[in-house]
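Naming convention: chains lettered A, B, ... in sequence-line order (proteins, then strands); numbering from 1 in each chain. Please read all numbers here as calculations on a predicted model, not as lab measurements.
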Amino acid sequence: MGRKLKKDMLMKRTEISQLKLNINNSTKIQGWIQSIRDKGKIQFIVIRDHSGTVQAILERAENPGLADVIAKLTSETAVTVVGKVCENPHVKMGGIEIQLKELHVENHSESPLPYDLFGKIKPELDFRINWRYLDLRIPENNLIFKVQTLIEMSMREFWIKDGFIEIHSPKLMGTPSESGAELFKVPYFEKTAYLAQSPQFYKQMAMAAGFNKVFEIGPVFRANPSFTSRHDTEFTSVDVEISWIDSHEDIMSFEEKWIKYILLKIKENFGKEIFAKFGVEVEVPDIPFPRISMKEAIKILQKEGYSLPTENKEDLDPNGERLLCKFIKEKYNHDFIFLTDYPVSVRPFYHMRHSSNSLLTKSFDLLWKGLEITTGAQREHRYKVLAQQALEKGLHLEPIQFYLDFFKHGCPPHGGFGFGLTRMLMILLNIKNVREVTFIYRGPNRLFP
RNA sequence: GGGGUCGUAGUGCAGCUCGGUUUAACACGCCUGCCUGUCACGCAGGAGAUCGCGGGUUCAAAUCCCGUCGACCCCGCCA
């Protein structure tokens with residue numbers, strides 16, 4: 001290796017998306033071999049990095065030694081490449097190509113790959129998850145997590161402008177947090193601890209602590225053996241809790257503004273790319289979102305000829321939710337619905353009840369295009385009422401006494417919601433399975449990778 | 001926990017109903033060779049499958065029967 005080439009290899013890396021600014025310059029790029037078209041006397045390779053792809057070319061006569069190296073390359077090998085960036089209108093891939101001067105294999109890729117990453121037919125998701133690190137190299141999958149990053153940033157921007165405090169609640173708990181979900185038990189010295197299924201108790205504690213408004217983005221764990229395309233045993237929950245509210249209406253009016261802001265940011269920054277890669281137009285919703293009480297919803301569904309499963313007359317099943325969203329879309333041209341005022345029977349003990357109707361809670365779910373993405377409510381903050389409601393639900397007070405205590409010394413009226421981040425991604429990108437929008441999926445049958 | 005569908009090369013699938021011309025086909029990927037402008041490159045050749053596992057019926061089983069294991073999807077539960 002001559003002195004000049006060595007120096008080339010030490011130059012700063014250029015992202016492939018920036019190559020058009022380096023026309024006629026010697027440039028270094030780093031990425032993966034996406035395809036090799038070796039014509040013998042002339043060789044073409046396509047190199048991909050996180051920002052794009054580019055074709056590189058070598059005429060064998062120019063550098064036979066290098067040509068031999070290229071002849072032995074395998075798909076997805078990680079390489080460093082130096083060459084001259086040239087304009088060439090014949091090249092379909094962006095009209096530019098790199099004339100190779102040097103190529104260094106950083107990490108050879110075993111051949112064959114478990115599957116053809118860029119083939120026409122994808123293997124089943126379950127198989128691809130076995131090779132998640134390869135699957136995530138596909139630009140579409142990469143985009144999912146770029147979008148997720150901006151979603152979380154936009155959420156935080158909105159909260160922080162609005163004076164929220166971020167909390168990090170413990171994931172090891174001494175008692176269930178009573179969301180109705182089942183629990184993972186873990187040995188904890190001589191005791192048993194539970195993995196948090198929700199930060200519910202602690203975000204309410206923050207209200208008692210005078211934090212005014214809080215949010216948390218963090219993991220939650222559900223031990224339900226749920227075999228569906230929209231459940232996992234560990235997922236990222238987005239939680240909000242707000243003090244000094246008058247009713248759950250205050251929570252809903254916060255959430256719709258917050259969602260509108262997030263979707264606006266996504267549209268501005270990724271709208272085109274999302275449309276190109278997923279075929280979905282990102283729509284920024286009008287506010288307020290339609291609000292429909294459970295009672296009205298059931299009436300509408302009955303009128304539409306849909307009968308709910310007999311054992312569950314007070315709640316909607318997923319089919320009912322989808323149908324209701326379809327109805328609202330047709331009638332009000334809106335993709336979101338707040339479903340409000342759920343009956344006591346299907347809500348946890350800490351949801352506040354209407355003073356005018358003790359059978360209904362001051363609660364809501366938010367449905368987006370047929371999928372439930374939020375559950376929220378005003379919380380019961382009066383100690384005696386709360387304890388009474390817990391007893392009515394058949395709970396023992398001792399294990400939750402620490403929680404009940406939060407309401408003994410001047411806890412303000414408050415409410416909040418939990419929001420499913422992966423479910424938002426599913427709807428936003430029209431992806432039918434949570435596993436695909438989860439970096440590393442965890443489910444009843446999946447503890448690896 | 002209840003129900004449904006499905007297990008055939010690395011991947012995606014055909015064949016299974018009606019057992020035997022099946023030496024289990026096809027596509028992508030992979031390997032070898034050829035090709036100086038490819039870009040879903042092309043051309044010629046090649047390797048790769050104890051048909052999920054166990055048992056049974058039969059002269060004969062990928063195919064029929066019984067059992068078993070696994071995965072996925074729907075319901076329930078929930079974000």
Side-chain angles (χ1 to χ4, degrees), chain A residues 34-46 53-62 67 71-72 74-76 86 88-97 99 109-131 134 179-183 197-200 217 219-239 308-309 311-312 315-321 346-348 365-368 371-376 417-427 432-435 438 443-446:
Chain A
Q34 185 160 315
S35 74
I36 305 144
R37 289 185 284 272
D38 187 345
K39 309 276 293 175
K41 293 209 175 74
I42 184 166
Q43 296 168 314
F44 303 93
I45 58 178
V46 174
T53 51
V54 68
Q55 169 169 290
I57 178 180
L58 179 71
E59 291 181 35
R60 176 168 279 275
E62 297 274 312
K72 285 188 199 136
T74 56
S75 294
E76 294 304 310
C86 298
N88 184 341
H90 296 300
V91 179
K92 291 178 186 170
M93 192 175 284
I96 57 168
E97 65 184 3
Q99 290 183 343
S109 174
E110 285 183 18
S111 178
L113 290 166
Y115 65 100
D116 180 12
L117 297 195
F118 294 89
K120 302 158 219 169
I121 304 157
K122 281 184 179 183
E124 281 179 19
L125 182 58
D126 193 55
F127 179 87
R128 284 186 282 129
I129 288 175
N130 290 337
W131 299 95
L134 291 175
S179 80
E182 290 174 57
L183 297 159
Q197 25 166 246
S198 147
Q200 186 60 36
I217 299 179
V220 294
F221 305 88
R222 306 271 165 105
N224 305 58
S226 298
F227 300 99
T228 80
S229 57
R230 57 190 186 284
H231 289 90
D232 29 24
T233 50
E234 173 177 352
F235 64 94
T236 303
S237 179
V238 175
D239 277 89
L308 292 159
E311 72 275 13
N312 212 353
D315 202 356
L316 296 189
D317 58 346
N319 238 333
E321 290 177 345
V346 296
R347 293 305 227 195
D365 276 10
L366 177 62
L367 308 182
W368 185 17
L371 189 67
E372 177 185 334
I373 59 168
T374 283
T375 294
F417 62 85
F419 176 96
L421 184 59
T422 46
R423 287 195 175 180
M424 176 179 227
L425 283 164
M426 283 171 76
I427 299 295
K432 300 303 180 193
N433 200 312
V434 260
R435 297 164 205 203
T438 304
N445 290 322
R446 182 59 82 170

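- Between A:R128 and the phosphate of B:rG10, there is no side-chain N or O to OP1/OP2 separation shorter than 4.0 Å.
- Between A:S229 and the phosphate of B:rC73, there is no side-chain N or O to OP1/OP2 separation shorter than 4.0 Å.
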Throw together a table of side-chain donor-acceptor distances under 3.5 angstrom for residues 88-96 of chain A, partners on residues two or more places apart or in other chains.
unit_1: A:N88; atom_1: OD1; unit_2: A:H90; atom_2: N; d: 2.9
unit_1: A:N88; atom_1: ND2; unit_2: A:E97; atom_2: OE2; d: 3.2

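- The A:F127 side chain lies nearest to B:rU11 when the options are B:rU11, B:rC77, B:rC78.
- Ionic pairing of A:D38 and A:R60 is not present here: no N-O contact between side-chain nitrogen and carboxylate oxygen is shorter than 4.0 angstrom.
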Are any protein N/O atoms closer than 3.5 Å to N/O atoms in nucleotides 36-38 of chain B? If there are, list each pair with its distance.
unit_1: B:rU36; atom_1: N3; unit_2: A:E59; atom_2: OE1; d: 3.4
unit_1: B:rG37; atom_1: N1; unit_2: A:N88; atom_2: ND2; d: 3.4
unit_1: B:rG37; atom_1: N1; unit_2: A:E97; atom_2: OE2; d: 3.1
unit_1: B:rG37; atom_1: N2; unit_2: A:N88; atom_2: ND2; d: 3.0
unit_1: B:rG37; atom_1: N2; unit_2: A:E97; atom_2: OE1; d: 2.6
unit_1: B:rG37; atom_1: N2; unit_2: A:E97; atom_2: OE2; d: 3.3
unit_1: B:rU38; atom_1: O2; unit_2: A:R37; atom_2: NE; d: 2.9
unit_1: B:rU38; atom_1: N3; unit_2: A:Q55; atom_2: OE1; d: 2.7
unit_1: B:rU38; atom_1: N3; unit_2: A:Q55; atom_2: NE2; d: 3.0
unit_1: B:rU38; atom_1: O4; unit_2: A:Q55; atom_2: NE2; d: 2.6

What pairs of nitrogen or oxygen atoms, one from the protein and one from nucleotides 29-34 of chain B, lie under 3.5 Å apart?
unit_1: B:rC30; atom_1: O3'; unit_2: A:S111; atom_2: OG; d: 3.3

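- Contact annotation: A:N319 side-chain N/O to B:rC74 OP1/OP2 distance is not under 4.0 Å.
- Nearest nucleotide to the side chain of A:P318, out of B:rA79, B:rC77, B:rC78: B:rC78.
- Between the side chain of A:R423 and the base of B:rC78, at least one donor-acceptor pair of N or O atoms lies under 3.5 Å.
- A search for side chain to side chain donor-acceptor pair (under 3.5 Å) contacts involving A:E372 returns A:T375, not counting sequence neighbours.
- The P atoms of B:rG55 and B:rA61 are separated by 13 Å, rounded to the nearest whole Å.
- Scanning for salt bridge (Lys or Arg N to Asp or Glu O under 4.0 Å) contacts around A:R128 gives A:D135, A:E436, with sequence neighbours left out.
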Quiz item: In dot-bracket, 5' to 3', how would RNA chain B read with Watson-Crick or G-U wobble pairs under 3.5 Å, [ ] for crossing ones and | for pairs to another strand?
Solution: ((((((((.[[[..)....(.....]]].(((((.......))))).....[[[[[..)....]]]]])))))))....

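- To the nearest angstrom, P of B:rG12 lies 10 Å from CG of A:D126.
- For the pair A:R446 and A:D126, the salt-bridge criterion is met [side-chain N within less than 4.0 Å of a carboxylate O].
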